[in-house]
Structures are given as C-alpha cells and as structure tokens.
There are 2 protein chains.
Amino acid sequence: MQRSVLPSQLKIACSNCNLRELCLPVDLSVDEMKKMELLSHAKHYYARGSYLYRSGDKLQSLYAIHSGSFKTQFLHEDGREQVTGFQMVGEIIGLDAISTDRHSCDAIALESSEVCELPFNKLEVLSRELPSLQHHLHKIMSSEIVRSQGIMLLLGSMRAEQRLAAFLLNLSQRFAARGLSPTMFQLRMSRHEIGSYLGLQLETVSRAFSHFQEDGLISVKVRSIEILSLQRLQLCLNGSP
Amino acid sequence: MQRSVLPSQLKIACSNCNLRELCLPVDLSVDEMKKMELLSHAKHYYARGSYLYRSGDKLQSLYAIHSGSFKTQFLHEDGREQVTGFQMVGEIIGLDAISTDRHSCDAIALESSEVCELPFNKLEVLSRELPSLQHHLHKIMSSEIVRSQGIMLLLGSMRAEQRLAAFLLNLSQRFAARGLSPTMFQLRMSRHEIGSYLGLQLETVSRAFSHFQEDGLISVKVRSIEILSLQRLQLCLNGSP
DNA sequence: CATGGATTTTGACATATATCAAACCGATAT
DNA sequence: ATATCGGTTTGATATATGTCAAAATCCATG
C-alpha cells in the first residue's frame, strides 16, 4: 500500500476521494480499509465567502479540506470578532463542536473550496473498531490544542513584527508540507483578517509587511509574497532587532 | 447509581478514588463499571512548585486533578514563557502530549495537590469498549479547543481591564461549579503568572486590581478576592467604560 | 518577635500600537 | 477608457500598556 507523503495530521478517513492519498489514514489492512468505507463522506463545494458552518449549528460532521482554504472566526456578543485560524488543504475543521454538540465558531471559505464531510457519529463508531483511526483522531485534536498554545504565546508576548514573521513562517512550512513553494505564495486572506488573527489592526499589519520589504526580508505585492530570507525572518521571530 | 452534580467536563474515569463522584463517567452500567476498573489510576501527591510533567516528557498518562491546582506553561527557545492555563479540581491535564507523544508544555503545582494518573494507552483501549467514555474524552479535548478560542479572543482584542474581568469571572464560575463561593476566593497564582496568562505585565495586572477596587467592583487584599458585583464586572468585560 | 527576601503596589516616563484620515491601487462594471 | 468600490498603504497623532524605580507589604524563618 502506498504511503502518503503528507504529515500525519493531514491524513484522515477519506477513502473514496479522488486525491486518495491525501487524507487516507496510515497503516490500514485491506480488512480495515473496507470498514473505512462505511464512512459515507460526501464531497461538497463552497464558494468564496460561503459558510461551511456557523456558530450555534449542531454538530453533524467534521470536514477534511480537499481543496481551497477556510478561516474560522469566533464571535463575541458585543460584536468583537477574532479569527482563530486559517485552514488549508488536508486539514480537519469542526473539532470545536464536539464539546457542546454545537459549533462555537464560524467557518468561511476564503476561496472556492471543496470539503469531504465526515459524519461525526460514524467517525466515533468506526474509531472504536480501528485503533489507528482512533489514535489519529486523538492526535488531530491534540495538535489543535498545541497549535492554540502557540497562538497564545504569540498573542501574549510577541511584538507586531514577530507575530507577522511567525505567521509567514507558519504558512511557509505548511505550503512546503504540501509540496508547494515555501517562499513564494499567494495570501488568501485580507490584511484585516490577518490582523484579527494576530491581534493587530490592519494598518499595523500593512506597516509590518512594508518594513519587512524595506529590510529585504520579503518581497510583497499586496497578496503575493516572496520570502527572500527564511533565516532572517526566523531571526526576526526570535526577537532580534 | 448516584449522579455527579459537577459539569460533565469534570467527570472522568477514576472509579476507585475517594472522591468517587468527582471524576466518574456518566451513565455506566455495572458491567461497564467493572471494565472501568482496568484503569489502574494511582493517586500522586505534588508539592507546591513541583512539576507534574515537563515539556519534552514522553506521554504516559493524562491526569485528573483531585485536589489543589496547577498551571501549564509553554516555553519558547528564546526564554519567553506563556502561562497557557490554570487547572483546578476535576480538570484533566496532559492532553497536549497526544499530538507528538511528548508534552509540549510544563505543568506545575500551584499548591499542594493530588492527581489521579490515567495511563493513556489504557484509556484508549477502554474508550474503544465504552462509547460513553470515548465520547466523554472527545468532549474534554474539544472543550480545551474551545477554551483556547476564548483566550485568543481575550488576548487578541481585549483591553487590560477586560482581560482581568474575564479572568475573575471565569474563576468565579469554576468555583461555583464546584460548590464553592463564586464571590470570595483565594488566588493561587502570583501577579506575574496572571500577567503571563493574560498577556500583560504584572504591574498592569496590579493596577487593574487596584482600579477595580477603587470602583467598588471587587475587594482585593493581595491574593484574597471578593467580588462585590458580578454584574458590573460582566459589564466591564463587555467593554463599558 | 524581629529579619530578610519575595511579592505587590504605586509613580514617572517611554514607546509600540491604535486611531483617524487621506491617498493609492487593482479589479470590476459602465 | 472611465468610474466605482473594496482593499491597501502611508502619515500624523493619541493612548494604553510597558519599563524602570522605589516604597510598601507579606510571609517564612531564625
């Protein structure tokens, strides 16, 4: 059986998708593969700006992003909003809803996107029969917890430019993990959305981009990014002036 | 069978602990209860300041806090540190380690504390046999994800006093859920630790406490807190001047 | 009860980022 | 090609919080 080249977070039950290798769980026997197919995972299309789910929606499924990308945002009663993450191909979205059986945030497509729907009750049934699936699901949830810790560190103790450096380096790594260029890519989100994610105003984000460009760390033309020195960007993240 | 009065997050496999009702999973049959006892969950004591686990330690167990309280902190290479949470009786700690099989943060006792050790591999085996345990575990992990979203909102978009109000109201609710006073309690953490958690300097935390006291929202004497008006504190959290 | 070290409070001042405002740019429609 | 609109960049200024410092208080220990 062919092994996926993607990091383990990216692999999940999705056996009859076209991109078979994309989200297949590792190390399953033929017998286990068959069970896997009990997961009727429909593929759905979402246009840019459309909601995959909304805060308050009942938990039906988790979603594996098949193409495109999403943002998740958390809304406070007082109108305050916070982007809590940007998700791309191969990532799983919807884990927040297991807690209360209802989604705690909105998920919105940043571009034309496709998702594999993974009905959560079936996922639980199946993961009782397939230990590797069970463990994989636990890992995905735990990874999300660890990711959050990193964001807390960023929001709680980094300066604006460090935050932006962290953001760009994170994107770079995730593109690289997908076989895309780690240094040249298109941003799918606005300055406002980046600001919301990083706890900054959009003007501050824009200024930080400009400053990085002046310093020769990156080349930026609105949403086209080229990282000129990953190393120096890393230094910036670590707080060197 | 007696039902626990605690919120569901607090209940988890811990059938032979003294405080039997504290962390027992809901709705198990006698048969299921027996299986539960396969979880050999030893109880351990931790003195104030001692480590329950350290970043990099291999995942062995999750821990249910039986008495006392802990902080978790995330350390960056450059020495930067961020308190990512304060955990109290009945809460589960250690979920971060499932992702990579190693803990991503330190857990340190804030006072003399006892924990129930829940060996993680046994927990996985058992949760394949007990759907209610399985779902409960999923809920606990998802709750931690939702909690993180709340902290991101706080760190990303709230002012110092709003953050402190959110912190105090959160403690208040958690004490109330344990049958303790929601308005009078002792802080177990220093101003520095609160600041690290809230993304503020300790001086700013201290000033915010003083200001709340001047305004008659709370009465504070170092670590003894009395909330004089939950309602007005809530208003402050929502951003009214 | 007295001493010393850690923690907390308070003050004065510095600064990073927010806010407000205007100009600029690129895409889409007329 | 021109106008329009959202998004972005840049500038000037305000402000919340950080930083540095000193005083006050608390707590553990002899």
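In what follows, every heavy atom counts, from backbone to side chain, and hydrogens, waters and symmetry copies are set aside. Here is how names work: the chains are called A, B, and so on, in the same order as the sequence lines, proteins then strands, and each is numbered from 1.
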Is the charged tip of Arg188(A) near the ring of Phe86(A): under 6.0 Å from the six-membered ring centre and within 45° of its axis?
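Output no; distance or angle outside limits.
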Under 6.0 Å from the ring centre and within 45 degrees of the ring axis: does the NZ or CZ of Arg54(B) meet both conditions for the six-membered ring of Tyr51(B)?
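Judged by the rule, Arg54(B) and Tyr51(B) form a cation-pi pair.
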Can you measure [X] atom [atom1] to [N] atom [atom2] for me and round it to whole angstrom units?
{"X": "Glu203(B)", "N": "dA12(C)", "atom1": "CD", "atom2": "P", "value": "15 Å"}
{"X": "Phe209(B)", "N": "dT8(C)", "atom1": "CZ", "atom2": "P", "value": "9 Å"}
{"X": "His211(B)", "N": "dT17(D)", "atom1": "NE2", "atom2": "P", "value": "12 Å"}
{"X": "Met189(B)", "N": "dT7(C)", "atom1": "CE", "atom2": "P", "value": "15 Å"}

When we call it a touch if two heavy atoms are under 4.0 Å apart, what does [X] touch: a base, just sugar-phosphate, or nothing?
{"X": "Ser210(A)", "result": "sugar-phosphate"}
{"X": "Ser190(B)", "result": "sugar-phosphate"}
{"X": "Leu200(A)", "result": "sugar-phosphate"}
{"X": "Gly199(A)", "result": "sugar-phosphate"}

Just N and O in the side chain of Arg207(B): are any of them under 4.0 Å from OP1 or OP2 of dT9(C)?
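False: Arg207(B) side-chain N/O out of range (4.0 Å or more) of dT9(C) OP1/OP2.
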It should be established whether Arg223(B) places a side-chain nitrogen or oxygen under 4.0 Å from OP1 or OP2 of nucleotide dC26(D).
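For dC26(D), neither OP1 nor OP2 has a side-chain N or O of Arg223(B) closer than 4.0 Å.
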Select from Thr204(B) and Arg159(B) the residue whose nearest nucleotide in DNA chain C is closer to the 5' end of that strand.
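Taking each residue's closest nucleotide, the earlier one in sequence belongs to Thr204(B).
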